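Model, not experiment: these values are computed from the prediction. Order of appearance sets the numbers: ligands from 1, and atoms from 1 within every ligand.
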Amino acid sequence: MNLEMRINTCRTLHQKQSAFAFESAPLLSLATYIGKQSAGHPIQSESTPLNQADLQSGAKQFHQRIGQINVSCAQCHDARWGQKLAGVTIPQAHPTGYPIYRLEWQSVGSLQRRLRNCMTAVRAEPYDYGSPELLRLELYLAWRARGMPMETPAVRP
Ligand code: HEC
């Protein structure tokens, strides 16, 4: 599970409250506040026997061509980072700043919202919030960014 789902599990299990909706203000606020406690600390992510299968599926998804445009995450974020796409610099897709304030959204949003944006951009059907596919991608991105400092809440165009 990711941080948002951990918060919701604590809400329902221990506080006997209803879960917050994905991308709702209370869930994003809590995730941003908790994420900020780690600002400056390196991402710790390891490949363990328990997460190995999910990590490998996440890596596979990252390298798989998707959508009508038929490109993979890696083709943009590993092979072409630093280049321009419609005037925007392609970043390396590190998840260090999430939840993030995005100027285009005029609000804070989650990593899953960002990943879904990249999927719609290549005309792929985005996975649902909380889906195993998005969680495996998040896991792989965290592992790929291991050692990098957290910067929640970051700002992006
Ligand atoms: C066609 C190129 C392209 C593809 C394919 C693509 N992205 Fe992106 N991605 C971008 C661009 C461009 C941005 C920055 C957008 C902006 O700032 O407007 C971005 C942003 C991101 C970010 C935010 C990084 C940050 O610094 O906040 C992440 C994470 C990300 N992409 C992950 C993915 C994943 C995972 C996939 C595959 C499912 C993917 N992207 C597919 C072009 C792409």
Side-chain angles (χ1 to χ4, degrees), residues 1-8 22-25 27-47 51-157:
M1 64 173 74
N2 64 8
L3 177 56
E4 286 87 345
M5 292 164 85
R6 179 67 258 181
I7 292 170
N8 267 338
F22 287 112
E23 302 308 300
S24 63
L27 186 55
L28 285 171
S29 314
L30 270 171
T32 305
Y33 176 72
I34 294 167
K36 192 171 160 51
Q37 313 307 307
S38 297
H41 293 282
I43 293 183
Q44 294 184 353
S45 177
E46 288 169 32
S47 165
N51 72 12
Q52 215 165 47
D54 288 314
L55 194 54
Q56 279 168 7
S57 323
K60 197 172 158 205
Q61 278 184 70
F62 194 82
H63 293 92
Q64 200 158 41
R65 288 170 180 265
I66 54 166
Q68 287 178 335
I69 297 187
N70 199 31
V71 289
S72 69
C73 317
Q75 281 176 287
C76 278
H77 292 298
D78 279 345
R80 292 182 180 78
W81 65 269
Q83 295 181 25
K84 296 273 186 194
L85 180 71
V88 181
T89 305
I90 301 176
Q92 289 179 320
H94 289 308
T96 50
Y98 290 80
I100 216 165
Y101 185 89
R102 214 176 151 206
L103 299 180
E104 189 185 308
W105 297 335
Q106 287 289 297
S107 71
V108 168
S110 72
L111 179 55
Q112 295 208 348
R113 182 172 177 190
R114 173 68 257 185
L115 301 184
R116 285 166 49 92
N117 275 191
C118 274
M119 290 172 184
T120 356
V122 297
R123 299 199 203 129
E125 184 76 38
Y127 294 113
D128 287 339
Y129 283 105
S131 62
E133 289 84 359
L134 285 183
L135 290 170
R136 289 181 190 125
L137 262 178
E138 283 196 67
L139 178 67
Y140 173 67
L141 290 178
W143 178 83
R144 188 170 163 269
R146 65 198 181 283
M148 292 182 72
M150 285 296 291
E151 45 169 347
T152 303
V155 178
R156 298 279 186 273

Measure [X] to ligand 1 on non-hydrogen atoms and call it side chain, backbone, both or neither using the 4.0 Å cut-off.
{"X": "Ser72", "value": "backbone"}
{"X": "Gln75", "value": "neither"}
{"X": "Arg102", "value": "side chain"}
{"X": "Ile100", "value": "side chain"}
{"X": "Ala93", "value": "both"}

(Q) Please check this pair: side chain of Arg144 against backbone of Ala93, looking for a donor-acceptor N/O pair closer than 3.5 Å. (A) yes

Q. Does Gln61 reach the main-chain N or O of Gly58 with its side chain, forming a donor-acceptor pair under 3.5 Å?
A. no

(Q) Is the ring pair Tyr140/His63 parallel, tilted or perpendicular, if the boundaries are 30 and 60 degrees? (A) perpendicular

[atom2] on [Y] to [atom1] on [X], rounded to 0.5 Å:
{"X": "Met1", "Y": "Asn8", "atom1": "CE", "atom2": "CG", "value": "10.0 Å"}
{"X": "Thr32", "Y": "Glu4", "atom1": "OG1", "atom2": "CD", "value": "8.0 Å"}
{"X": "Trp81", "Y": "His94", "atom1": "CH2", "atom2": "NE2", "value": "8.5 Å"}
{"X": "Gln68", "Y": "Glu125", "atom1": "CD", "atom2": "CD", "value": "10.5 Å"}

Check each atom of ligand 1 against the heavy atoms of [X] and keep those under 4.0 Å away; list them by number with element.
{"X": "Tyr98", "answer": "23 (C), 24 (C), 25 (C), 27 (O)"}
{"X": "Leu115", "answer": "29 (C), 32 (C), 35 (C)"}
{"X": "Val71", "answer": "5 (C)"}

Q: Tell me, with the steps shown, if Asp78 and Phe62 meet side chain to side chain contact (heavy atoms under 4.5 Å, CB included).
A: CA-CA 10 Å; Asp78 279 345; Phe62 194 82; 3.7 Å; yes

Q.
So that I can tick it off, tell me whether Glu151 and Arg156 are bridged by a salt bridge, with the cut-off set at under 4.0 angstrom between side-chain N and carboxylate O.
A. yes

Nearest protein heavy atom with distance in Å, relative to [atom]:
{"atom": "atom 34 (C) of ligand 1", "result": "Cys73 SG, 3.5 Å"}
{"atom": "atom 11 (C) of ligand 1", "result": "Pro91 CD, 3.8 Å"}
{"atom": "atom 17 (O) of ligand 1", "result": "Val88 CG1, 3.7 Å"}
{"atom": "atom 39 (C) of ligand 1", "result": "Cys118 CB, 3.4 Å"}

Q. Can you tell which of Arg156, Glu138, Arg114, His77 gets a heavy atom nearest to atom 8 (Fe) of ligand 1?
A. His77

Q: From the options Ala154, Ala74, Cys76, select the one whose nearest heavy atom is closest to atom 2 (C) of ligand 1.
A: Cys76

